[in-house]
Amino acid sequence: MEFVISHLVKSYGSKQVLKDVDFVFEEGRIYGLLGRNGSGKTTFFNCVNNDIDINSGEFFFRGESGEKTPVMPEDIGYLVSTPTVPEFMTGREFLKFFIEVHEEIKPDKTIDEYFDYMMVPEDDRDRLLKDYSHGTKNKMQMLLNIIASPKLMLLDEPLTSLDVIIAEEMKNVIRNQKQGRITIFSTHLLDVAVDLCDEIVLLHNGRLEPIDKCNLGDADFKEKIINALRDEDNG
């Protein structure tokens, strides 16, 4: 399976944020979407998630025999840096409600097994979500996407503001979940992209440019990327 972006364009008035974006993402790999703050990473995700309209172009899944399949809402998992959860529910109530509402989901674990997988402490599981730390709320958001098991995972700066322990736990979960799906992980941190991702794609001047990861250990090559990002015209 591949996720194909074909000639995608998105403008806000006279400001063109995405310019003829053309790229193919392959199943089973984590793609680091690297770009400066304001380069259009969230705009790109919002287009793919159909949260905003595009000006032109298309995106679709392509199977092994070349058949095109439209992207449906249930095909996408979207994790944002600032999690939004129903703070009047406990963590356990939230997961139970999510599973009950989505009847098409067939969980392969119990709720406590899911909590164990995400390393949510036992004394947090029956507490109100309003009392959860930022990192644990982020884990809950990730857990919903694991239960739903979408084909495409969009991770928009999900490690921002997490402490070092939870950030490493989240990285391991993302690595463990990459098989059978396409994962696109946006970040403005080069070292995070190098550590976590199989492929790195630079969002620069409104276009996606693949980066040869094997060169990223070279100081001159890193400097070239940094200079490209420094020259970003944001539109």
Charged tip of Lys68 within 45° of Phe60 ring normal and under 6.0 Å: yes
Leu8 with Val71, same ILVMFWY side-chain cluster at under 4.5 Å: yes
Considering all heavy atoms, the nearest Phe98-Ala148 contact: CZ-CB, 4.3 Å
More than 12 heavy atoms from other groups under 6.0 Å of CD on Glu64: no
Steps toward side-chain contact (heavy atoms from CB on, under 4.5 Å) verdict (Val21, Val9): CA-CA 7 Å; Val21 174; Val9 174; over 6 Å; no
Beyond-backbone contact of Cys47 with Leu18, side-chain heavy atoms, under 4.5 angstrom: yes
Side chain proximity check, Pro107 to Ile105, heavy atoms < 4.5 angstrom: yes
Atom pair CG (Leu202) and CZ (Arg36), whose distance is rounded to the nearest 0.5 Å: 11.5 Å
Considering all heavy atoms, the nearest Asp75-Pro150 contact: O-CB, 3.3 Å
Side-chain heavy atoms of Lys10 within contact of Gln16, under 4.5 Å: no
Minimum heavy-atom distance between Ser149 and Arg181, given as atom pair plus value: OG-NH2, 3.0 Å
Validation row: Phe88, Leu129 side chains within 4.5 angstrom (heavy atoms): no
Sub-4.5 Å side-chain heavy-atom contact between Met140 and Leu95: yes
From CA spacing to verdict: side-chain contact (heavy atoms from CB on, under 4.5 Å), Asn176, Val173: CA-CA 5 Å; Asn176 291 337; Val173 168; 5.6 Å; no
N/O donor-acceptor pair under 3.5 Å between Glu113 side chain and Thr110 backbone: yes
Asp198 and its side chain to side chain donor-acceptor pair (under 3.5 Å) partner, picked from Arg175, Lys178, Arg29: Lys178
Pairwise side-chain contact, Leu155 with Ile184, heavy-atom cut-off 4.5 Å (strictly under): no
Separation between CG of Leu162 and CD of Glu168, rounded to the nearest 0.5 Å: 11.0 Å
Pairwise ring pair (Phe, Tyr, Trp, His ring centres under 6.0 Å) hits with a residue in residues 104-126, at least two apart: none
Between Thr90 and Asp126, a side-chain donor and acceptor under 3.5 Å: no
Inter- and intrachain pairs under ring pair (Phe, Tyr, Trp, His ring centres under 6.0 Å), touching residues 7-29, at least two apart: Phe23-Phe25, Phe25-Tyr31
Spatial distance of atom CE (Met118) from atom CD1 (Ile147) [nearest 0.5 Å]: 10.0 Å
Within one Ile-Leu-Val-Met-Phe-Trp-Tyr cluster: Phe94 and Ile111, side-chain cutoff 4.5 Å: yes
Charged N-O contact under 4.0 Å between Asp195 and Lys171: yes
4.5 Å side-chain heavy-atom contact, Phe59 and Val4: no
Salt-bridge criterion met for Lys109 and Asp116 (N-O under 4.0 Å): no
Side-chain touch Ser186/Thr42, heavy atoms, less than 4.5 angstrom: no
Same apolar cluster: Leu79 and Phe3, side chain cutoff 4.5 Å: no
In one Ile/Leu/Val/Met/Phe/Trp/Tyr side-chain cluster, 4.5 Å: Leu189, Leu34: no
Between OG on residue Ser133 and CD1 on residue Ile166, distance to nearest 0.5 Å: 4.5 Å
Over 12 foreign heavy atoms within 6.0 Å of CE, Met72: no
Stepwise side-chain contact (heavy atoms from CB on, under 4.5 Å) test for Met153 and Asn145: CA-CA 8 Å; Met153 286 285 289; Asn145 288 299; 3.7 Å; yes
Single-linkage hydrophobic cluster Val24~Val201, side-chain heavy atoms < 4.5 angstrom: no
Backbone N/O of Val80 and side chain of Gln141: donor-acceptor pair under 3.5 Å: yes
Test log, rule salt bridge (Lys or Arg N to Asp or Glu O under 4.0 Å), inputs Arg125 and Asp112: CA-CA 8 Å; Arg125 300 177 186 185; Asp112 277 301; 3.0 Å; yes
Donor-acceptor contact below 3.5 Å, side chain Asp163 vs main chain Ile165: yes
Pairwise distance CG(Asp124) to CZ(Arg127) - rounded to 0.5 angstrom: 4.5 Å
Nearest heavy-atom neighbours spanning Pro83 and His134: CD-CE1, 3.5 Å
Steps toward side-chain contact (heavy atoms from CB on, under 4.5 Å) verdict (Ile76, Leu154): CA-CA 7 Å; Ile76 301 176; Leu154 306 176; 3.8 Å; yes
Distance-minimising heavy-atom pair for Ile30 and Leu196: CD1-O, 3.9 Å
Arg62/Glu27 salt bridge by N-O under 4.0 Å criterion: no
Least distance between heavy atoms, Leu33 atom then Lys41 atom: O-CD, 3.5 Å
Separation of Leu203 CG from Thr43 OG1 (nearest 0.5 Å): 9.0 Å
Test ring-ring contact (aromatic ring centres under 6.0 Å, His included) applied to Tyr78 - qualifying residues, sequence neighbours left out: Phe45
Ring-face cation of Lys151 near Phe61 (centre distance under 6.0 Å, axis angle within 45°): yes
